[in-house]
Structures are given as C-alpha cells and as structure tokens.
Amino acid sequence: MTTPFGKVEETRLEIDLNALGHNYQYLKSKTKPGTKMMGVVKAFGYGSDAIEVAKELVTLGIDYFAVAYVAEGIALRDAGIETPILVLHPQPCNFETLIDRCLEPTLYSVRIFRSFVEVAEQKSQKNYPVHIKFNTGLNRLGFWETDADWVLEQLARATTLTVKSIFSHLAASEDPAEREFTLLQIQRFKAIAKSMMKRLGYETLLHQSNTSAIINYPEANFDMVRTGIGLYGYGNEEAEDKRLKPVVSLKSVISQIHKIEPNESVGYNRAYRAAALEQTATIPIGHADGLSRRLGNQKGHVIIQGKKAPIVGNVCMDMIMVNITHIACQEGDEVTIIGDNQSAVELAEAQGTISYELLTALSQRVKRVVGRKP
Ligand SMILES: *Cc1c(COP(=O)(O)O)cnc(C)c1O
C-alpha cells in the first residue's frame, strides 16, 4: 500500500478517505434500511476537497449531493460527478447555467419559484427536477405552510417542473434543551408533507435531517438524510465524536527557531514579551490560511513532539510563533495543528467558535493531500 502521507515538509491538510468511508457507514447504520443519503459537500467539502470527497462518496454508494451555490455544483460536474446535485440556495442569475449543468434547484420562495419557471419555460424544459423547501421554524429559507396552496396551484399548471423532494431544515437538532422545538418542527413538516403529497398526485422524497438529527431524531429521517459535518468526522457531541473519525489533519513544520532574551518582544505590535530566556519556533501558517487571529496570545496552541506549544504574540498573515522553551525540537520538525493530540473541536473552542467555521475557513492556499490511513 502506497501512502501520499510521507514526511511533512510544508503546511498541508491531510484528507483520509478511509475515515470518510467509516463515517459514511456509521451514519448509514443509524438510518432505516433504504433511507437515501445526501452528502453535503458545500464550502469545498467543509474545507477539505469537495471533488475527492464526492468521488469517494460515489464509490461508497451515495444517492445525492448537496451544495449551497450553483458554482459549487458546476465544479462537481466538471470533475465528472454524475450523481444528482441539489443546490440549496440558488439565485435567479444562475438558473440558466443550473439547467445546462443538470443541477437541481431548491425553490424556496414565490420570487424564486416564478423566476425558475420562467427560465425553464424559455429553455423548453419538461418535468425538470426541483425541490420545494418549507420553513418550519428556522426562519431562514423556505415557503411558509400557508404558501402550500399557492405552490400546488402553480405546480398543477407548470408542466416544466417535477417535484423530486419536499424538505425542511432543523434549527437545533444538536441541542437537547431545544428538544420540544425540534419535535414541533418535525410535526409541522409531517403535516405539510402529508397535505402536499396528497394533492401532488405523485411520489416525492421527504427529508429534514442533518447530521445531529440522524443521531438524535430517527423519526425525522423520512426518505433521505442530508449529512455534512458527520461525514467529516464530527457529531456535535463528545460521544458521537468518539464514534466518528476526523477526515482532515492539519500539519506544518518548524521553519526557524529563535532564542529570545528576557524582555525581548515577539511578533507584530510587540504583543508578547519574554519573561526569561525563552525559545520560539516560527511555523508557516497564518490567518490567511484560516488560522484565526483569535488564537494568538496563548489562546491556542500547536503540538510539537507530542507537547503543547502555545501561540505567542499575534497570529500573522503567513506565520505564527510558538513557545518551545520546554520542548526538545529542531528546525524542520513536524507540527500538528489539527490531528491526534488536538481535534478541530478543541481548536475551534479555543477561538470561541464551532468545528464548522474552523474547517470551512481553511483557505485554498493550504495544500491538500488525499490518501488512505490504516
Ligand atoms: C449545511 C446543511 C446541511 C448539513 O448539516 P450538517 O449539520 O453539517 O450535517 C443540511 N441541510 C442544509 C439545508 C444545510 O444548509
């Protein structure tokens, strides 16, 4: 078995397809047999590599993909992905391209519905697959329950469209304190779906669950589940994080080591002052790579030789300096930012955010290396 994960010589994000496979099977095992899986690969596959992730998911048997925007769907089509792709949040200016590339729009409002029908008619479409989104309490995107009659009237007239699915999104499926509200959202969705299905006159898929709902609300799984963060190895709670495997690891190297005399400063604005004779290591990763400036001044740390090295001073655009006074290490040594000794959840917490934001902020400058870890 060859592995592309050799010696770390520059900053890189390692993407482990075996971990992805593990997570896919785990999440699938949580749903009833026959439930379809929609892999959410928006935002570059949650900061990993949407194309490599999508290709692997195709091999694993994924039924559907979801992206936020049309451009993300085009990137998948350009890479040869032929699986149906739902565009969660399209804009009318992209409807022509959306149709040309066989992407499937979410119709979430009267304005969006009307403009999509207009473009579909211009392009002489028949039964073009669309997805109708209802708002059940997130109050972000979607028709209201009271719009259902209008939608059905339009659908009865428009032979250009066929409804592939009816769906909704939960506001707090990861939060046990909001259980009652989540159950209310599920009830609302069931009622909408029932009345829509009866009057539509044909079968259509129903879906409402994201990752945390797959785990916490099996009754909301319906015909398909939409999973994002779980595929990448995070379950929004410690117990689930243990059952899942992180897909990405963020590694770097020590570029240079400095001896810092007492009272000397380190970095921009002289934000750090050495108390005694200290040593720092400079690492080639900064806020332009997605390492938040909030991690500066000892809020965050990296791992060198298995030990914690706190970030001293301000995070620069292209580098950080870390305190290695008590760590035996050399220039060229490997540095772990996200990996075995520090999860993305821990690093996210250190900067006051969630794994989703940390992962999707990892910039395209960071080299992606894709392979399989044993
Ligand atoms: C991003 C997104 C998802 C995925 O949610 P996870 O919590 O990452 O599983 C599902 N549905 C919609 C509508 C989304 O925007």
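Just so you know, ligand 1 is whichever comes first in the structure, and atom 1 is the first atom listed for that ligand. Counting from 1, the numbers follow the sequence of the chain as shown. Everything numeric here is computed off the predicted structure, so don't read it as measured data.
Ligand 1 does not have Gln208 within reach: every non-hydrogen atom of the residue lies 4.0 Å or more from it. Heavy-atom distances between Tyr232 and ligand 1 stay at or above 4.0 Å for every pair.
Taking each heavy atom of Thr35 and Asn221 in turn, the nearest pair found is CG2-O, 4.1 Å.
With hydrogens and angles left out, the side-chain atoms of Asn210 and Ser173 include a donor and acceptor closer than 3.5 Å.
Ring to ring, Tyr46 and Tyr234 are not that close: their centroids are 6.0 angstrom or more apart. Annotation: Tyr64 is in aromatic contact with His131 [ring centroid separation under 6.0 Å].
When only non-hydrogen protein atoms are considered, atom 7 (O) of ligand 1 lies nearest to Tyr356 OH, 2.7 Å. The single protein non-hydrogen atom nearest to atom 8 (O) of ligand 1 is Tyr46 OH, 2.5 Å, given as residue, atom name and distance. The protein heavy atom nearest to atom 9 (O) of ligand 1 is Thr211 OG1, 2.5 Å. Closest protein heavy atom to atom 12 (C) of ligand 1: His169 CE1, 3.4 Å.
Below 3.5 Å of separation, one finds an N or O of Ile229 facing an N or O of ligand 1. For ligand 1, one of its N or O atoms has an N or O atom of Gly228 under 3.5 Å away.
Pairs of residues two or more places apart, or lying in two chains, never qualify as salt bridge (charged side-chain N to carboxylate O under 4.0 Å, His left out) while including a residue from residues 25-36. The salt bridge (charged side-chain N to carboxylate O under 4.0 Å, His left out) contacts involving residues 96-117 comprise Asp78-Arg101, Glu96-Lys123, Asp100-Lys123, Glu104-Lys164, where partners must be two or more places apart or lie in separate chains.
Nearest-heavy-atom check against atom 2 (C) of ligand 1 across Met38, Lys133, Lys42, Arg226 picks out Lys42.
Contact annotation: for Asn236 versus ligand 1, there are no heavy atoms closer than 4.0 Å. Neither the backbone nor the side chain of Glu174 has a heavy atom within less than 4.0 Å of ligand 1.
Using a 4.0 Å cut-off between charged nitrogen and carboxylate oxygen, Glu52 and Arg368 do not count as a salt-bridge pair.
Between Ser109 atom OG and Phe116 atom CZ the span is 13.0 Å, to the nearest 0.5 Å.
Of all atoms in ligand 1, listed by their number and element, those nearer than 4.0 Å to a heavy atom of Arg140 are 15 (O). Every atom of ligand 1 with a heavy atom of Leu88 under 4.0 Å away is listed here by number and element: 13 (C), 14 (C), 15 (O).
Using a 4.5 Å cut-off on side-chain heavy atoms (C-beta onward), Thr106 and Leu141 make no contact.
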